[in-house]
Amino acid sequence: MRMSKMVGRRLKEDPKDAVTVSHKFLLRGGYIRPVSTGVFSMLPIAKRINDKIENIIREEMNNIDGQEVLMPVVLPAELWEESGRYKSVGPELLRFQNRNGSDMLLAMTHEEAVVHLLRSEISSYKQLPAMVYQVQTKYRDEARARGGLIRVREFTMKDAYSCHESQENLEEYYLQAHEAYVKIFDRLGMNNVLSIESDAGMMGGKVSHEFMAICDCGEDTIITNSDYTYKANSEVATANWIYNTDEEVIPLEKVHTPDAKTIEEVADFLNISQEHTAKAVFYVTDEEQLVLAVIRGDIEVNEAKLKNVILNANLNFANDEQIRAIGCEPGYASPLDIDFEKVTVVFDNSVAKSINLVAGANEADYHYKNFNFSRDVKVDTDKYIVADIATVREGDLCPITNTPLQITRGIEVGNIFQLGTKYSEAMNFNILDNNGKAKPVIMGCYGIGVGRAMASIIEQNNDNYGPIWPITVAPWEVHLCALNPKKAEVKEASESLYNQLQELDLEVLFDDRGEKPGFMFNDADLIGIPFRVVVSPKSIANNSVEFKRRGEKNGDLVPVEQIAQKVAEAIKAEYAKF
RNA sequence: CGGGGUAUAGCGCAGUCUGGCUAGCGCAUUUGGUUUGGGACCAAAGGGUCGCAGGUUCGAAUCCUGCUACCCCGACCA
């Protein structure tokens with residue numbers, strides 16, 4: 001490719017709207033252009049990278065016996081009504097009508113479509129296991145798209161669906177899929193991707209893993225110990241919290257605590273540590289049901305965990321009015337003196353196990369000292385819940401190794417789920433087993449966001465000047481620069497080299513524009529091709545050219561007659577690393 | 001959906017508070033010339049519904065009202 005003819009310009013300055021590194025470089029380098037919030041066009045450079053990412057994924061999917069298919073993006077609502085998701089999924093599913101007034105949708109995932117496809121093709125256990133996958137557009141009407149390609153509304157995803165006769169067979173295949181994913185991210189040059197167990201969310205199913213590309217701009221919070229033997233999404237992470245279980249239980253005592261509403265004020269006023277307090281946090285569900293979370297004063301409630309415990313997906317903080325309506329005093333609310341009929345009470349383990357905590361007295365300006373859960377909560381155990389609803393903090397102790405936990409951020413670039421029979425049962429996807437008995441197919445599904453992977457690769461491979469593409473996904477393998485191509489000797493040598501490199505089947509981007517060196521080199525850095533060859537009047541006078549690696553400051557002079565071979569070898573050696 | 005911010009040439013911005021001549025600057029683009037190892041120089045040129053709609057005024061990028069789009073934080077997220 002000649003740069004003089006390449007569509008897509010590079011920008012000198014950072015676009016004001018871009019914040020993350022990948023977003024800045026994707027815009028500045030002429031990779032993508034925004035069309036609408038979370039909707040982008042890809043220019044030729046990005047398209048080439050995109051295709052390479054897709055092809056690596058295809059190869060690994062084929063290696064685990066995947067068969068590529070293609071399903072539509074526009075689906076009839078009836079299909080999603082079969083699974084129940086037409087109603088259960090919120091406004092992130094884009095619904096519309098066609099000219100006949102039929103309800104249609106833009107697929108945000110393809111379980112329904114794949115079951116529709118396979119249920120008429122697969123009817124015997126002899127045809128299993130089977131896996132089909134596609135690389136297809138998805139549309140999700142995200143509440144908030146952000147960060148360039150990191151979180152978008154329209155995107156390309158590789159989604160794979162496997163079918164099995166037994167749970168054991170699914171589990172066996174699931175491990176293979178996990179292996180394939182590890183290989184894929186290795187080959188994409190993402191050197192820091194963690195697979196962590198996750199919550200299955202709306203997909204249903206039991207076991208699932210998220211593949212997290214570790215980087216500061218990631219949206220997900222991941223809790224790990226130092227050797228990664230423990231790793232979990234913050235939504236499910238737990239810790240080995242230390243509770244004061246050794247103290248002598250002493251009698252309740254009501255104390256005057258004027259104007260001490262917050263935990264900090266109470267602890268300061270009574271001159272105790274926050275670990276010796278219990279706080280009461282009120283939530284309200286969409287159905288107006290009050291929920292009281294009681295947790296040790298120094299620990300924050302983890303709303304994701306709380307939602308799982310009470311089996312309700314929508315929680316908001318309750319206001320003072322709502323709290324008073326059930327007879328509590330905001331700021332001084334207490335698990336004592338509370339009407340357990342009117343409010344769902346969830347005690348965190350920290351409160352259930354600690355001794356002699358300070359808790360509210362349900363009366364303005366008063367607290368109780370020496371609250372003890374086992375002694376003071378006198379209602380039947382079925383009136384409340386004790387669970388882990390605590391947010392893990394940096395430095396809390398690992399539940400496995402007891403070493404301090406760390407908090408890191410990650411981008412979810414892929415996930416794998418053991419779906420089970422959720423869709424096959426709902427949509428009547430059955431096979432006959434070897435006894436001639438009909439049973440639902442057991443399924444797994446496996447996704448990777450292609451554009452998100454591209455952004456993540458940049459997040460993990462860049463310097464101040466631009467991305468540093470791994471050879472496996474680089475838009476071209478070598479960047480040839482002709483410095484001052486008006487000089488006949490430079491033009492001749494660079495054109496000849498361009499031909500030689502192409503004859504060696506190398507992918508060459510040829511900067512034939514005759515720009516100033518600095519201009520050209522900055523563009524080259526933004527395009528981030530791993531190898532660069534510069535032909536200049538000076539070097540050619542010595543019958544040599546400069547050969548440099550992206551990311552290294554200085555290159556080597558190489559005799560002109562050796563350079564093509566040397567480039568080919570370097571590229572080959574580079575591929576061998578993946 | 002809540003909070004904050006922005007909208008003037010392809011990109012980055014000034015001008016808006018305090019209304020006033022023909023709307024400006026840098027980069028980019030075109031032409032001619034000089035230049036060529038980390039974003040050159042000289043000369044000339046093209047490029048604008050000042051986000052949209054309405055209003056106030058002799059006069060609106062600037063003041064008023066309504067709307068829209070985009071970005072950031074939060075909520076949400078197979």
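Side-chain atoms of A/Ile299 and A/Lys279, non-hydrogen and from C-beta on, never get closer than 4.5 Å to each other. A heavy-atom distance below 4.5 Å is not found between the side chains of A/Lys548 and A/Phe531.
Side-chain nitrogen and oxygen atoms of A/Ser536 include none within less than 4.0 Å of the OP1 or OP2 phosphate oxygen of B/G37.
Between B/G46 and B/C52, the two C1' atoms lie 27 Å apart (nearest whole Å).
Rounded to whole Å, atom C1' of B/C11 lies 6 Å from atom CG of A/Leu11. Summarising the geometry, the separation between CG on A/Leu557 and C1' on B/G37 is reported as 11 Å, rounded to the nearest angstrom. Note: CG (A/Asp17) to P (B/C11) measures 10 Å, nearest angstrom. In this structure, A/Phe521 atom CZ and B/U36 atom P are separated by 14 Å, rounded to whole Å.
Of all non-hydrogen atoms in A/Gln418 and A/Leu170, the two that sit nearest each other are CB-CD2, 3.8 Å.
Residue A/Glu219 is classed as having no contact, given no heavy-atom separation below 4.0 Å to the nucleic acid. A/Leu526 comes within 4.0 angstrom of a nucleotide base, judged by non-hydrogen atoms across all strands. A/Arg532 comes within 4.0 angstrom of a nucleotide base, judged by non-hydrogen atoms across all strands. Here A/Phe155 lies in heavy-atom contact (under 4.0 Å) with a base.
Residues A/Glu303 and A/Gly147 each lie close to RNA chain B; by heavy-atom proximity, the contact nearer the 5' end of the strand is made by A/Gly147. Sequence order on RNA chain B of the closest nucleotides to A/Lys487 and A/Asp220 puts A/Lys487 first from the 5' end.
Of the nucleotides present, B/U31 is the one that pairs with B/A43 by Watson-Crick or G-U wobble criteria, both distances under 3.5 Å.
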